[in-house]
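Sequence lines set the chain letters: A, B, ... in the order given, protein chains first and strands last, and positions in each chain run from 1. Quantities reported herein were computed from a predicted structural model and do not represent experimental measurements.
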2 protein chains.
Amino acid sequence: MKSLEDVAKLAKVSTATVSRALSRPDMVAEETRKRILAAVEELGYQPNRLARSLRQRSSRSLGLIITDILNPFHATVAKGVQDAAEKHDYTVFLFNTDEDPEKERRALNVLRGHLPQGLLIVPTPRTRENLKLVANLPTIELDRESGTPGAHSVMVDNIGGARAAIEHLTALGHRRIGMIVGRLDITTAVERHQGYRDGLAAAGIPYREELVLPGNHREEGGRIAAHALLSRPPGERPTALFVGNNEMTVGAVLAARELGLRIPQDLSIVGFDDSRWARTMQPALSVVAQPEYDIGFLACETLLSLLRHGKAMQPVRIRLATNLIVRDSTAPPGHISQP
Amino acid sequence: MKSLEDVAKLAKVSTATVSRALSRPDMVAEETRKRILAAVEELGYQPNRLARSLRQRSSRSLGLIITDILNPFHATVAKGVQDAAEKHDYTVFLFNTDEDPEKERRALNVLRGHLPQGLLIVPTPRTRENLKLVANLPTIELDRESGTPGAHSVMVDNIGGARAAIEHLTALGHRRIGMIVGRLDITTAVERHQGYRDGLAAAGIPYREELVLPGNHREEGGRIAAHALLSRPPGERPTALFVGNNEMTVGAVLAARELGLRIPQDLSIVGFDDSRWARTMQPALSVVAQPEYDIGFLACETLLSLLRHGKAMQPVRIRLATNLIVRDSTAPPGHISQP
DNA sequence: TTGAAAGCGCTAACAA
DNA sequence: TTGTTAGCGCTTTCAA
């Protein structure tokens, strides 16, 4: 690796001048600058970011901690973050927690050593505690909230989205609507559950606990919960299912198939979170779509602007709208009599 | 941030001793070490990795450059890499090129400034040239080859996988088998094409150029190519399609649907690369599965072992086996007469 | 507009 | 076994 000194020698100036030529060009004479840039070019010089960061006591980098890189939702969020960061010449350190608070803790500790300027994080249930490891690091929470007082966040309108899904179903005439909710220690699940209740209330349908089952946010959890709900006696079985995230929706669809229920004739399904899978499934799935990419992009832009303008601001809490996309998995109930 | 000096003061030793206590514990007296660790604990000290790396002139980090984080194949490879890296306490810098050589160049330049110890890269068509930016950086190519002489690589047996797919189809009785091949400037596409030819040859079926169409590795490219192949006159239309990657397979299935072709009655399809989509599609898709996770994990392990044992070794070229999974998208041709 | 010099936090000779 | 010291490559006073 070439260093500033190599460039300085070649351009016959001091290292200080080279440094200025690169980071504050207006402080260097036109003439000198040209000479320096030529030398940089000739040597293929790239600044050593470690040295720069060490000296400046902060690096042009951000941490990004997500819970599941294999989930297309998170992968897309990550892409939004990366694109925004790259635009501003920031490097992103990506960590994956698999929803494991212990992995999150480790990630935060490693991250700390890299002196990032800020952090974007999809919280786990212990994030509030873990964030103490990086106190004072400007942080934005994505998708969910950790409950940290004064935290910034970028989320979607989960309540409104869930409510829209339920209103769509009640408008079709469904009265017995089941929900596969996520883990109730994750705010998105709680909010979507709230939207479900609101939607029922708006249609004057009483809330029935036995129609709501938790799932672990994975395909298998959705499958098991759906099996339980759909195995209820004929008159008790939900005619429609609202599923709290993309992975569990896959499980629910598989369960319906295993039980020989046709969608939408025997069962209507609305999932949360769109995906190619939902789009190309047969029948194509009605879903509450989220602006995943925007969540990441906007969160990153917001964080960077927080960094620029000092962080003595009010907490930023952004809620993006969701979008109900009606496809072919929803129809009036009893379209064809139940088996 | 606390520094070594803070710890040293608290433990009443020199910074050098603290440094040793942390990185070479056996060089420090039991007694002293305990005192130091207590101080570390009390202060919540985390080493500044920038300073350490600057001093050691190399950081405990690796670069990972993939072409499309939104493609589950790549996301899974990335996860394999991350898991292996984490196991050895390495940090991964992840960059995404979107198959754009210019973005790749920028990524390499930024990466360079972070002094990574090694690089894992899914090449683009200009990687061979771009890699000059990081000459001497131990590098392993994943999934594809850039053509750099002496390069290390971890790939799958594309020829064998494709051949197995074709043999499966010919065994079912297909004679007119179309292929949607990828971009021929990417080695995987070339190899899968070769496997296709080999498979045909093994069954004594002549190769027909007009049955092979390129695609751009995206869903839309697959759709367009499939449309063209499947719109041929009845007696000329392929009875089976072999598609060169996961994204294009989605497009091919959509095209078949648009044309009213039933799978597998009217058309058999085999895709390359498994996915949840392929598994839960109806009919479930027959595919050549790749060990995505293992590609990443093994490549990372290999890179780290290269780093440990010096790099004066022979080029490492690992080929992992693929696995033909027969599901419901393949059947004998003319099962039901063509429309 | 430029240069000299100090120092970011750490590690690694070398000395004790 | 421990401490002293120099220095990784850069930025940033301060002085010229």
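Atom CD of B:Glu102 has more than 12 neighbouring heavy atoms from other residues, nucleotides or ligands inside a 6.0 Å radius.
Taking the charged nitrogens against the carboxylate oxygens, B:Asp100 and B:Arg106 have no contact shorter than 4.0 Å, which rules out a salt bridge. For B:Arg128 and B:Asp185, the salt-bridge test fails: no basic side-chain N is under 4.0 Å from an acidic carboxylate O.
The outermost nucleotides of DNA chain D lying under 4.0 Å from heavy atoms of chain A, listed 5' to 3', are D:dG9 to D:dT13.
Considering only residues two or more places apart in sequence or on other chains, A:Arg126 meets the side chain to side chain donor-acceptor pair (under 3.5 Å) condition with none of them. For B:Lys87, the salt bridge (Lys or Arg N to Asp or Glu O under 4.0 Å) partners at least two apart in sequence or on another chain are B:Glu301.
Here the straight-line distance linking atom OG1 of A:Thr127 with atom CD of A:Glu104 works out to 3.0 Å at 0.5 Å rounding.
What separates NZ of B:Lys2 from C1' of C:dC10 is a distance of 18 Å, to the nearest Å. What separates CG of B:Leu54 from C1' of C:dA12 is a distance of 14 Å, to the nearest Å. The nearest whole Å value for the distance from the CG atom in B:Leu50 to the P atom in C:dT11 is 12 Å. The interatomic distance linking B:Gln46 (CD) with C:dC10 (P) rounds to 11 Å, in whole Å.
Judged by closest nucleotide on DNA chain C, A:Ala51 is the one of B:Gln56 and A:Ala51 placed further toward the 5' end.
A donor-acceptor contact closer than 3.5 angstrom links the side chains of A:Ser14 and A:Thr17.
Residue pairs meeting the ring-ring contact (aromatic ring centres under 6.0 Å, His included) criterion with at least one partner in residues 36-69 of chain B, sequence neighbours excluded, are absent.
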Checklist entry - For B:Ser61 and B:His114, what are the C-alpha separation, side-chain angles and deciding distance, and is it a side-chain hydrogen bond (donor to acceptor under 3.5 Å, both in side chains)? => result CA-CA 8 Å; B:Ser61 68; B:His114 288 284; over 6 Å; no
Checklist entry - Stepwise, does the salt bridge (charged side-chain N to carboxylate O under 4.0 Å, His left out) test hold for A:Lys34 with A:Glu30? => result CA-CA 6 Å; A:Lys34 272 193 187 144; A:Glu30 173 77 20; 3.6 Å; yes
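Contacts between residues 20-27 of chain B and DNA chain D, defined by a heavy-atom separation below 4.0 Å, involve B:Arg20, B:Met27, listed by number. Contacts between residues 28-45 of chain A and DNA chain C, defined by a heavy-atom separation under 4.0 Å, are made by A:Val28, A:Ala29, A:Thr32.
The closest donor-acceptor contact from the side chain of B:Arg183 to the backbone of B:His217 lies at 3.5 Å or more, if one exists at all.
Side-chain N/O atoms of B:Ser19 include one lying less than 4.0 angstrom from OP1 or OP2 on C:dT11.
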